[in-house]
Q: 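Can you keep this structure in mind? I'll have questions shortly.
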Amino acid sequence: MSGPARETRLGAALVIVSAVSFGAMGVFAHMATTAGATPTSLLALRFAIATVVVGAAIAARGIRLPRRGTLVRLALMGGIGYVGESWCYFTALKTVPASMVALLLYLYPVYVTVVAVALLGERLTIVKAAALLAAMAGVAITLGPVRGGNAVGITLAIGSGAFYAAYILAGTRLARGVSAIGAAWVVMAAATVVLTGMAALEGFALPATIAGWGGVVLLALVSTVVGVGAFLAGLARIGPVSASTLSALEPAVAAVLAALFLGERFTAIQAGGGVLIVGAAVALSRPGPGLQPPEKGTR
């Protein structure tokens, strides 16, 4: 196998590892929250651990952090956009199945496309218009059978995608010319500071069992450090379009793991709606004149 082909396969494998790592978030979060941790305290612990581990890697490799204004703007991205996305996502997990939360997050390319068309000069092609309609139809189908008091949780899950879209729109241009892992560390460090403050205000609630702490550690190391590191390494080898496309495996992984470990089930109709959403996300992740595909540094 030639060198470039080997690198391409390795890059694809790394992005798939990233998708699996992120897809497991719902299971790890369930382990911690059922042991007494609140979403805010869990997230503060998650990012604190990840910040220390990634910071040690940065120091060992001599990677330079962003400077001055870029550092401040990345910190704002982390403290506002990423905190909003992660808090909405993990709070939604309290009342909405993990598979559905992961799926609704993947509406973010819809929001990115709408903003890009409305404000950034992106051209609305027939393919993109069809993808937007498919995504809306997928949401209607997926949420159609949902009953009970899940309105707040569903709103939060949809909101997590909106926050992530804002994070991507800001980061697409801001992170250019900056070390991806350095930018990711600044985002995680800022999120740690904000979430720790939020947890202090509401009162820290930590896991009461060893299994609960295991969920915290797995969330920090697998679904943050490994997830981010594998994605960035894969991205460097196969580029943003292919990486974004392979990342769409995440909702499917989340659904499979939730079925295996949490007893969740999707109906065939809901699965069809999920296929529409993920298919639309893949189509909308293709580059256009006004906006390049998201090169995500964190999730």
Q: What's the shortest heavy-atom distance between Y108 and A165, and which atoms?
A: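 So the two residues come closest at O-CB, 3.8 Å.
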Q: Which residues pass the side-chain hydrogen bond (donor to acceptor under 3.5 Å, both in side chains) test with W87, not counting sequence neighbours?
A: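 Expected list: T40.
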Q: Between L103 and V139, is there a side-chain heavy-atom distance shorter than 4.5 Å?
A: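 V139 vs L103: side chains apart.
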Q: For E264 and S99, which I'm curious about, is there any donor-acceptor pair between the side chains at under 3.5 Å?
A: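 Yes.
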Q: Distance check, rounded to the nearest 0.5 Å: S242 atom OG versus L235 atom CG?
A: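 So the OG of S242 and the CG of L235 are separated by 10.0 Å.
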Q: Please examine the side chains of L93 and H30, heavy atoms only from C-beta on, and report whether any two atoms are closer than 4.5 Å.
A: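 They are not in side-chain contact.
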Q: Is there side-chain contact between V112 and L169, with at least one heavy-atom pair below 4.5 Å?
A: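 They are in side-chain contact.
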Q: Any chance you could measure R237, atom CZ, to T8, atom OG1, to the nearest 0.5 Å?
A: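 It comes to 10.0 Å.
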Q: Does a side-chain heavy-atom distance below 4.5 Å link M100 with Q270?
A: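 In short, these two side chains touch, coming nearer than 4.5 Å.
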Q: Using side-chain contact (heavy atoms from CB on, under 4.5 Å), reason through V222 and V20 one step at a time and then give a plain yes or no.
A: CA-CA 9 Å; V222 176; V20 173; over 6 Å; no
Q: Under the side-chain contact (heavy atoms from CB on, under 4.5 Å) criterion, do V15 and I238 qualify, and how do the steps go?
A: CA-CA 9 Å; V15 174; I238 63 176; 3.9 Å; yes
Q: Examine distances only and state if a side-chain atom of W213 and a backbone atom of P207 form a donor-acceptor pair shorter than 3.5 Å.
A: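 Confirmed, W213 side chain pairs with P207 backbone.
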Q: So if you build clusters from Ile, Leu, Val, Met, Phe, Trp, Tyr with side-chain heavy-atom gaps below 4.5 Å, do I63 and V228 land together?
A: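 Cluster IDs for I63 and V228 match.
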Q: State which residues pass side-chain contact (heavy atoms from CB on, under 4.5 Å) with A166; sequence neighbours excluded, sorted by chain then number.
A: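 Listed in chain order: nothing, the list is empty.
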Q: Identify the heavy atoms of A75 and A190 that sit nearest to each other, and give their distance.
A: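 Of all heavy-atom pairs spanning A75 and A190, the closest is O-CB, 3.2 Å.
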Q: Kindly give the heavy-atom pair with the smallest separation between A32 and L42, and that separation in Å.
A: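 In terms of heavy atoms, the two residues are closest at CB-CD1, 3.7 Å.
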Q: In Å and rounded to the nearest 0.5 Å, what is the CD1 to NZ distance from I126 to K128?
A: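 Between I126 CD1 and K128 NZ, I get 13.0 Å after rounding to 0.5 Å.
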Q: For the ring pair Y167 and Y164, is the centre-to-centre distance below 6.0 Å?
A: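 Yes, they do, as the ring centres are separated by less than 6.0 Å.
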Q: State plainly whether one hydrophobic cluster holds both V127 and L133, where clusters connect Ile, Leu, Val, Met, Phe, Trp and Tyr through side-chain heavy atoms under 4.5 angstrom apart.
A: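 In one cluster: no.
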Q: Is a side-chain donor or acceptor of T196 paired with a backbone partner of V193 at a separation under 3.5 angstrom?
A: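 No.
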Q: Quick check for you: to the nearest 0.5 Å, what is the distance between M136 atom CE and I277 atom CD1?
A: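 Spacing of CE (M136) from CD1 (I277) equals 11.5 Å.
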Q: Mark yes or no for whether E85, through its side chain, and A162, through its backbone, hold a donor-acceptor pair below 3.5 Å.
A: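 No, the answer is negative, given that no donor and acceptor are paired below the 3.5 Å cut-off.
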Q: Checking S223 against S21: is there a side-chain donor and acceptor pair closer than 3.5 Å?
A: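 On atom types as modelled, these side chains do not qualify, holding no pair under 3.5 Å.
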Q: Indicate whether any N or O donor in one side chain lies under 3.5 Å from an N or O acceptor in the other, for S41 and T38.
A: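 A pair is found: one side chain offers a donor N or O, the other an acceptor, under 3.5 Å apart.
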Q: Go through the steps to decide whether I158 and Y111 satisfy the test side-chain contact (heavy atoms from CB on, under 4.5 Å), and finish with yes or no.
A: CA-CA 10 Å; I158 293 173; Y111 310 138; 3.0 Å; yes
Q: Do E250 and M25 come close enough that some side-chain heavy atom pair is under 4.5 Å?
A: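 They are in side-chain contact.
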Q: So which atom in C88 and which in L156 form the shortest heavy-atom distance, rounded to 0.1 Å?
A: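 For C88 versus L156, the nearest heavy atoms are CB-O, 3.3 Å.
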Q: Any link between V152 and V96 through a network of hydrophobic side chains (Ile, Leu, Val, Met, Phe, Trp, Tyr) touching at under 4.5 Å?
A: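 Yes, V152 connects to V96 through the hydrophobic network.
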Q: Got a second to check how far L143's CG is from I154's CD1, nearest 0.5 Å?
A: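 Rounded to the nearest 0.5 Å, the CG-CD1 separation comes to 5.0 Å.
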Q: Counting only heavy atoms from other residues, nucleotides and ligands, does the tally under 6.0 Å from CG of L260 exceed 12?
A: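 More than 12 within 6.0 Å, yes.
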Q: Where is the tightest heavy-atom contact between T70 and P66, given as atom of each residue plus distance?
A: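 Heavy atoms only, the tightest pair is CG2-CB, 3.9 Å.
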Q: Test your reading of the model: is there a side-chain donor-acceptor pair from S160 to the backbone of Y89, 3.5 Å cut-off?
A: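 Looks like no, no N/O pair under 3.5 Å.
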Q: Is it true that the side chains of R46 and T224 contain a donor and an acceptor less than 3.5 Å apart?
A: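 T224 and R46 do have a side-chain donor-acceptor pair below 3.5 Å.
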Q: Do V278 and L249 come within less than 4.5 Å of each other through their side chains, counting heavy atoms only?
A: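 A side-chain contact is absent here, since even the closest heavy-atom pair is not under 4.5 Å.
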Q: Are L74 and I80 connected in a single hydrophobic cluster, I mean Ile/Leu/Val/Met/Phe/Trp/Tyr linked by side-chain heavy atoms less than 4.5 Å apart?
A: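 No, separate clusters.
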Q: Closest heavy-atom contact between G36 and A205?
A: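 It is O-CB, 3.5 Å.
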Q: Taking C-beta and beyond as the side chain, do L45 and L206 meet within less than 4.5 Å on heavy atoms?
A: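 Yes, side chains in contact.
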Q: Group every Ile, Leu, Val, Met, Phe, Trp and Tyr by side-chain heavy-atom contacts under 4.5 Å, then state whether L76 and F163 land in the same group.
A: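 Shared cluster, no.
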Q: Given side chains that start at C-beta, do those of F22 and S247 come closer than 4.5 Å, heavy atoms only?
A: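 No; the side chains remain at least 4.5 Å from each other.
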Q: Go through the structure and list residues passing side-chain contact (heavy atoms from CB on, under 4.5 Å) with L221, not counting sequence neighbours.
A: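 By the side-chain contact (heavy atoms from CB on, under 4.5 Å) rule, L221 matches I49, V53, V217, V225.
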Q: First locate atom OG1 of T142, then atom CG of L104, and finally report the distance between them rounded to the nearest 0.5 Å.
A: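 Going from OG1 on T142 over to CG on L104, the span is 7.0 Å.
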Q: Quick one: do L14 and L232 satisfy side-chain contact (heavy atoms from CB on, under 4.5 Å)? Show the steps, please.
A: CA-CA 9 Å; L14 286 167; L232 293 175; over 6 Å; no
